[in-house]
Number of protein chains: 2
Amino acid sequence: MAGTQVSDEVAIDDIDQSLINLLREDGRMAFTDMAKQLSIPESTVRYRVQRLLQADVIQIHARLNPKKFAMPHIVTMRFNVERSHIDAVAEALAQLSEVQFVAIVTGHYNIIMDACFGTHEDLLRLFETIHAIPGIIHYDSCTALKLLKSEYQYTVG
Amino acid sequence: MAGTQVSDEVAIDDIDQSLINLLREDGRMAFTDMAKQLSIPESTVRYRVQRLLQADVIQIHARLNPKKFAMPHIVTMRFNVERSHIDAVAEALAQLSEVQFVAIVTGHYNIIMDACFGTHEDLLRLFETIHAIPGIIHYDSCTALKLLKSEYQYTVG
DNA sequence: GAATTTTGCTGCTGTTTTCGCAAATAATAG
DNA sequence: CTATTATTTGCGAAAACAGCAGCAAAATTC
């Protein structure tokens, strides 16, 4: 799992970009709609979109609006890790299912992580799991009290 | 815009939950498919999904896989803000289009924020915008060197 | 540089899906 | 209990889709 960074990059041309932008607004837009808007045949749209999906350049799925729920608990943690363990720790964290975001970063802390879960028991379990990962020198965590925005929609172009 | 937290919550029953879970795996799944899987009529599925979308409980859209690109620059910032300005600053940050995530949190810092952009000029502009927001006492930022995971898929149930 | 394979694009056709409507049913309020 | 509103459901017309096949361009092989 996880690992190789900006490895398998893909060439995205203007058409792909337009398709992506349309699908970013409405993931269920009909192929024929997109075709009309871009003045290209529907079969081409279908071919391109399928290719983008297959190559895992995009995924199309429903996202829950966390504001419409008893908000799940969201926690951010920052880790200071022994240099030689950075990758291993980051990968270990990334494999935990409650973990939503992991990155290796500049600065005093080496790794940042966001996680979200339903109950405090889950959080406790998360801490226990983290304590079992070797190489972590120090970490701190803080809990979200109010979520203002949570999009995580990377743009292209 | 923004603001009222866990305000307008919505009641989600088992059917909604099943539909959401199906759409989380494949946002383009046909209504008839879901109907078959749940053994309910297609028109009901359609009614429910439309309602979920309209009530903004879910959104369906394409997400770019950042690993397949020249990764956009990702920056995390933490802000220490005058108590009376916390909400205002958070809302101001949330309105910036490059900003992906904003939350008010426990701990020494009051607000955390993630943003992502294509070029360093964009980052510079972001900093200028931030400097113009009143109430910020102190902040620090760090840049992602390697992105391990970025899901932000909140689960239900 | 010719032949062959791969890759990408497009039109076509039968099949499936969606859509729009309206009746039936259930839930809620007065 | 009745009026009102919300939800479910079936049905037929219209639209969208899947799959294939044909073609052209690009890449690869010989």
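Just so it is clear, the structure is predicted and the values come from calculations on it, not from any experiment. Letters A, B, ... are given to chains in the order of the sequence lines, protein chains preceding strands, and every chain is numbered from 1.
Counting to the nearest Å, the P atom of C:dT7 and the CG atom of A:D16 are 16 Å from each other. Atoms CZ (A:F31) and C1' (C:dT17) sit 13 Å apart, rounded to a whole Å. The distance between atom CD1 of A:I40 and atom P of C:dC9, rounded to the nearest whole Å, is 9 Å. Distance, A:Q50 CD to C:dT7 P: 16 Å, rounded to whole Å. Between the CD1 atom of A:I12 and the P atom of C:dG8 there is a distance of 12 Å, rounded to whole Å. One atom, CG of A:L53, and another, P of D:dA18, lie 11 Å apart when rounded to the nearest Å. Taking atom CE of residue A:M34 and atom P of nucleotide D:dA16, one finds them 11 Å apart after rounding to whole Å. The separation between B:D13 atom CG and D:dT8 atom P is 8 Å, rounded to whole Å.
Checked against D:dA16, C:dT18, D:dT8, the side chain of B:E42 finds its nearest nucleotide in C:dT18. Listed nucleotides: D:dA6, C:dT18, D:dA18. Nearest to the side chain of B:Y47: D:dA6. Residue B:R46 places its side chain closer to C:dG20 than to any other of C:dC12, C:dG20, D:dT7. The A:P41 side chain lies nearest to C:dG11 when the options are D:dC11, C:dG11, D:dA16. Nearest to the side chain of A:S43, among D:dA18, D:dT7, C:dG11, sits C:dG11. When distances are taken from the side chain of A:T44 to each of C:dT10, C:dT17, C:dC19, the shortest belongs to C:dT10. Side-chain proximity of B:A30 to the nucleotides D:dC17, C:dT10, C:dT18 is greatest for C:dT18.
To the nearest 0.5 Å, atoms OG (B:S150) and CG (B:D114) are separated by 9.0 Å.
OP1 or OP2 of C:dG8 has not a single side-chain nitrogen or oxygen of A:R48 nearer than 4.0 Å. Considering only side-chain N and O atoms, A:T32 lies nowhere under 4.0 angstrom from the phosphate OP1 or OP2 of D:dA15.
The pair A:E42-A:R46 meets the salt-bridge criterion, with a side-chain N (NZ, NE, NH1 or NH2) lying under 4.0 Å from an Asp/Glu carboxylate O.
No continuous path of hydrophobic side-chain contacts links A:I104 to A:I137 [ILVMFWY only; heavy atoms under 4.5 Å]. The hydrophobic cluster containing A:Y109 does not contain B:I111, counting ILVMFWY residues as joined when their side-chain heavy atoms lie under 4.5 angstrom apart, directly or transitively.
Taking A:D13 as the reference, A:R48 meet the salt bridge (charged side-chain N to carboxylate O under 4.0 Å, His left out) condition, with sequence neighbours excluded.
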